[in-house]
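Contents: one structure, followed by commentary.
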Amino acid sequence: MDEYPYPLFFEATDFTDREKEKVRRYFQKRRDSGGGDCGNVEKLGGSIYKICFKEKEDQERVLQRKFHTITLPSGEVRLTVSRTSSPQTSDQPSTSQSLSSTNPNIKGLEKTFRIDVFLLYFLRDNSKAYKFFEKQLSSIGCTVELNFDEEEVLVRGEVDKEPGGGFGGAAEKWECQVDWVFVQLTESYNCFHVLEPKQVKMVLQDSAFKTDDIKVYTESGYAVVVGEADAMKEKIAILEKSLPAKKEVPIVEKNFKLIKEEFNREMRANCPEVTIIRGSAMITLEGPDKEVQSGAAKLDELIKNVKEKRVKFPTALLTFMKTSDAIPKYQTRFQQRLRNPVFFEVGSDLVLSSLSSDALNEAEAAVMRDFKVTTVQLQGAIDLNRLKEILTKAKNEANSRELRVDVSYMPGASGTSTTKVRLVGYSEDLAKLNEVLHDFQMNQVSTQETINLLHHDIVNCFDKILDLIGVKQTKVTLQASHFPNPCVFVSGPRCHVQEAKEALTSTLDSLIVDTLTLDGPGAQQYFQEEGKVTKELIEGSCHVIIREKQTAATPNVQRPRNTSRLGDTSRSLSYSSSMYSTVGNSAINRTNLKIKLSSLENEQANVLVVPMLNKQLTSTNIGKSLLAKAGNVLKLKFDSVLASCALTPGDVQLVDAPPSLGCSKIFFIECLPWDGVRGKSVQALGNGLKRCLELCVQQNFGSVAIPIIGPGIVLQYPLREAIQVLTDIIHQFGLSASSGSLTNIHIVIKPGYTDSEECYHDVYKQLSLNMNQGGQAIFRSLTSDLDDITMAVESGVKLHVVFGDITNETTDVVVNTTDFQNFILDGVCKDILTVAGPEVEAELKAAYVERGKIFVTQSGNFPCKAIFHVCGQRDEVYNLDFVQLVCNVIYYCESYKYSSVAIPAIFAGAGELDPTIVAGAILRVIKSSTSSMTSLTDIRLILIKIDVFLAFKEEAMQMYSPAVINRVSFQEQQQQQQSAPSVSAYLSSLQISSTSQQSVFTFLGLSISDIDNAMEKLKHQYQTQCSSKTFSKEELDFLSQDDMMELKNLVESEGLFVQTDQSGTLTVSGLKNGVNRVMQKMNQCQYMNLARVVRVREEEDVYNRVVWCILANYGNWERLPKSANHQLEKNELTEGITDAQGLIWEVDVQAMVATRPLSRQTTKLKRLENLSDFTFPLYWDPMAANETMKVVSLETSSAEYQSVKEAFKRTVTKTVMKIERLQNVHLRRAYEAQKKHISDKNAHEGGAAEKLLYHGTTQENCHSIMTTGFNRSFAGQNATVYGHGTYFAVNASYSAHPTYSKPAADGSQLMFVARVLTGVFTQGQATMKVLPLRNSQQPHNRFDSAVDKIDNPTMYIVFHDNQAYPDYLITFKGD
């Protein structure tokens, strides 16, 4: 059977598949079309479409609508549906055709309309309607015929021929008139299909539906009402009201159970026709509308009367109710036994619901009475397993039929060992278990008593005391404690504790105590170390306890024997719980700590320490940086070493460093990412760092560079935790005093990060705190790249460059930089105003300050006399001259008579200028202004940023001579007021008499004879271990201050006696090992002193033979100091070199390049090897051993070239083609000898007075002068106006004249720049062949040169060939 048997048809233009689906969905929706479940839209042919419905009722509802308007993507369409496959609408005739006529001027027409068959029936049965319809058609000359079989209406008519001879216009008009009549028909009458059986019955039985104007027709199972439109509206309304009402009321299930009985009773009495349907959380009422509304109101009223009560119960009790059968049991009980039912529900709370408040209260009281939970804290030491056994048995008995009670065990408060027992269940059963628990505690609980002790020392040796008095193992526990005071806790079963307390108190009171005093602290140290076993043997054989106690200095006088018992109330003895200990031992720590601002890959040290993760070289940024510099060579070395080894966190792997790095070894530490302060990562890193330092000592490395490991993106340590780990390990290394050859530890901080300043401050602070231990230095020094520098400049003015915070300054004046607008932004201004206070800030805000001016305010709370406010922000439009601003600051200080000022880096912060530019400008202003200062004596440049400080420091080092610069390191800051002690002062501090310190031992025993025997044995054993050694004054004289300090530390750590006599000898007495270590130390000092002497001689020897030079900032070659000269020659470059200005450089000898560690500034190096009788000038290039003459063409970019050219161009406009330096060993040797002669002769008259002068020459003479020098024999070639000598001009323009510098064929000219020894000169004469005597009484003392005019010479004439040296040859050419 077809699933969709009820078709409808309609006519339309072609539909797409998408449009057909949209039409189907329209007919499927009842609210849109009246339809329902339907099939697909099918095209039958032409423009006819079919759609079929599953239910006939749906088909009929669709037919009831005259038109169906559907919105499609192409626009709206209007469909008329019908039952047949040739659908026609009342306004759309199915056919319109012409009929033949005998009259040629008249044409017959007819048109067929398909309309609802029930409307046809109505026209047939209602004569009034039919006549009206017929009259309308006849008015337009038409007749009508009804065809009930075909459900059609046929209309016929005639039209006349038009004047033009056709019928087209008249036919069209006729058709429109007919269509209009049919539209009027369908709009005037309605066909209403009644499908609901009850409504069908009502229509058929109700006479109101059978009038003249309304007709009712029946079809299988349904009825159709047809009539005038207005009358039909009233009838349709009556039908719709006759449908049954339906109402859904939401309700909670538990509430309905409470009201169900009463609600059903009410509905049966008052609303019998209403059907009640129960659903999930919903009650549906169906029936007559009035009764449905009444029933819904009653239901709502009953629901509102339900009362609810929440009872707060412990969670454990609620859990018990859920797991036991309490809920159904009490649910039944409350439903049946209470006056009103109560609903019982257990969730996060206990919830009771009822229509009666009394019933709720009664139910609550019953639950509170019947259930309980209680927690019992166990007291003392309990046998928990035994307790659990007893309680489990009692619980099982109670729960034999049903779950009545439950038991659980919970730990006590955090940090305690107590246990809690929780009982939960029915009250009567819980009470029985609680009684069982109480009985157990009374019988089994432990208690504790306290015995107070008079001294802490008894606590430390309490176990030995128990062994001494023979205490046996019992059920009672004895525990000695220092807190809250010296005492013994006696713990155990109550019945045993009191007995044990009384016995122990009596035994302790019977112990005897005595003391033995031995001179010197070394006795204690011996019996704590080498003699410890001997002391223990004495304790065992004599049945005593021996304790060490260090006392203050006491006079060495005979004292009466002092014995006592522990039970005595008066005691003169005290006990020390700590063993004697000292810092250091014979191997004094000689390590220097250096904080370096650099990148690890640029460090010069024997060892670099590098972190890694999972054995991966590039797992950290440090590893990546090393690889970037060292290249694949490092990768190959790393992989070959780590490929086959297994590492655990904290392990260290050694890898040989490639030549491109400034180290010998790289120590890689296997690390872990941060997992907390107490995690494994901290332990692994600490172990790794400790192992690195140990390996440095074991393998005799002198220096190691360690970065701050951890705070990067890989390991993710908090910065301070990473610093803490490193500084703790360094501190422990210092305390170990096992530095060996390791003299330098570099802590490397990479600048340029946002936390670089914070990192530096934290590292410096931690290391500063760790420099000393117990008043004794454990490291030799602490320095950093950020140490302050102080320069003593002119007029007694001191200039300080300080890395720090300006708010810590106490100078007379503090300079504040501000833009006079934003005072709350972070920076120097905010910091200063925060300290100064609101009054100063208010004064500043109210001020109007012109550009470039200084605004002076009171200091407020700032510890200074005044604050100078200046504009510290660069204006792109108005570029403020900050050089003038610094001048104004100095001027104001002088005007107000202030002696000190603190200045920040003006314009280097918010001004965003290059710190190097700011530094150079400010330092030049200060340097040029100091000569005129009278009040201002102390200028402090306070720089808070690392890059700014380093820029200022470097500029200062270049601008000022090293002789006036003083670096202030950590030790100097700590000891600026302390002068270096003399050797005699050290010897005085070393002298320790036998009365200054003593070793005191406390003896505890059961008898006096045991104690006497033990004292004698201990004293004898110590005396057999002692010796002495005397050192002469000559052996002591070579000791340095460091040696004396180490000797002092050694003597103190070994507990030795030192005595001196008037002759200066030193006698050391004490334990043999200690005296031997002092002897070893003295031998070591002698060796090191000898090594220092040898080193000085080596440096001097190398310095005389070899000259190492560095190209300074202004292009001049400077000789390096002896130490750096020796380092370069011997290739000892791990620490870098220090030039004459105190600047440190890293060196690449192969490339002959030196690099500054921080700025990465580079410069050239040069090596000259002197001859035995000739020292090379510093600006010469190296020459081969057999080479005596060398011509060097200068590079045009060199400072040397520019200097010579600039001097030449001052007076000559011609073009310089090239400049050559002439290096003639023979000529220069003779020249230098002559220079020394004249310098010595004129020592008090200006010396040799060497000048750079000019001498024009020709191509013919040039080579001769270069090889043999200037020759007086050629005098007269260009006149001898001032004598028969060699002429030299002050200005190059004179020598450039073609007369003297004759042009070659190509127009080029030659001129020598000569070094000339002018000495003491006289007026030249044309006849002069030798220079006249300066003094007739001194026949060999002649003038050194002649000049053209005495007052302002432009020409010098010399009469000695070695008195001039051709230094440079300039080739030039006219324009």
Side-chain angles (χ1 to χ4, degrees), residues 2-98 109-120 147 149-155 171-172 174-193 224:
D2 193 356
E3 185 180 2
Y4 301 100
Y6 302 103
L8 288 177
F9 302 89
F10 59 86
E11 185 176 6
T13 56
D14 287 343
F15 283 149
T16 64
D17 290 342
R18 182 181 175 188
E19 289 173 334
K20 285 195 283 186
E21 178 59 23
K22 200 165 183 69
V23 171
R24 187 190 70 80
R25 286 201 299 269
Y26 169 79
F27 284 116
Q28 194 177 37
K29 297 178 183 178
R30 178 175 294 187
R31 66 175 178 274
D32 292 343
S33 63
D37 191 5
C38 59
N40 294 326
V41 175
E42 301 177 35
K43 186 172 185 180
L44 300 181
S47 59
I48 305 301
Y49 288 86
K50 179 179 78 170
I51 185 166
C52 300
F53 293 89
K54 190 171 186 179
E55 302 293 337
K56 183 167 180 63
E57 291 81 359
D58 298 336
Q59 179 195 42
E60 295 300 331
R61 280 195 299 271
V62 172
L63 284 169
Q64 287 178 12
R65 301 196 180 186
K66 204 179 304 181
F67 306 111
H68 292 273
T69 302
I70 306 173
T71 302
L72 299 177
S74 58
E76 284 190 350
V77 297
R78 191 177 190 190
L79 305 180
T80 302
V81 296
S82 68
R83 298 178 190 274
T84 64
S85 60
S86 299
Q88 298 294 321
T89 63
S90 57
D91 59 347
Q92 187 179 9
S94 59
T95 58
S96 179
Q97 57 186 3
S98 299
L109 299 175
E110 69 177 23
K111 188 172 185 179
T112 302
F113 291 90
R114 296 190 64 84
I115 64 175
D116 195 317
V117 67
F118 297 105
L119 183 54
L120 288 178
N147 187 339
D149 295 332
E150 297 296 331
E151 300 181 7
E152 293 178 346
V153 176
L154 178 63
V155 179
E172 184 176 347
W174 178 85
E175 187 173 352
C176 288
Q177 289 175 331
V178 173
D179 288 344
W180 181 84
V181 171
F182 271 84
V183 169
Q184 287 291 104
L185 175 67
T186 55
E187 289 180 355
S188 300
Y189 300 96
N190 282 347
C191 296
F192 183 77
H193 292 67
V224 179

Side-chain donor-acceptor distances from residues 39-48 under 3.5 Å, at least two apart:
residue: K43; atom: NZ; partner: D14; partner atom: OD1; Å: 2.5
residue: K43; atom: NZ; partner: G46; partner atom: O; Å: 3.4
residue: S47; atom: OG; partner: E11; partner atom: OE2; Å: 3.0

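Side-chain contact check for E110 versus L154: some heavy-atom pair is nearer than 4.5 Å. You'll find the side chain of T71 stays beyond 4.5 Å of the side chain of Y26, heavy atoms only. Side chains of L119 and L185 form a contact here, defined as non-hydrogen atoms less than 4.5 Å apart.
By the side chain to side chain contact (heavy atoms under 4.5 Å, CB included) test, K22 is found to be paired with R25, L72, P73, residues two or more places apart in sequence or in another chain being considered. Every side chain to side chain donor-acceptor pair (under 3.5 Å) that S74 has, sequence neighbours left out, goes to E19. Shown here are the ring-ring contact (aromatic ring centres under 6.0 Å, His included) partners of Y6, two or more places apart in sequence or in another chain: there are none. By the salt bridge (charged side-chain N to carboxylate O under 4.0 Å, His left out) test, K20 pairs with D17, sequence neighbours left out. Legend: residues meeting side chain to side chain contact (heavy atoms under 4.5 Å, CB included) with E57, ordered by chain and number and at least two apart, are E55, R61, L195.
The CG atom of L79 sits 10.0 Å away from the CD1 atom of I51 when rounded to the nearest 0.5 Å. With rounding to the nearest 0.5 angstrom, the CZ atom of R24 is 12.5 Å from the CD1 atom of I70.
Between the side chain of D116 and the backbone N or O of F118 there is at least one donor-acceptor pair closer than 3.5 Å.
Surrounding NZ of K54 are at most 12 heavy atoms belonging to other residues, nucleotides or ligands under 6.0 Å away.
Of the options I115, V117, V224, T186, a side-chain contact (heavy atoms from CB on, under 4.5 Å) to C191 is made by V224 and by none of the others.
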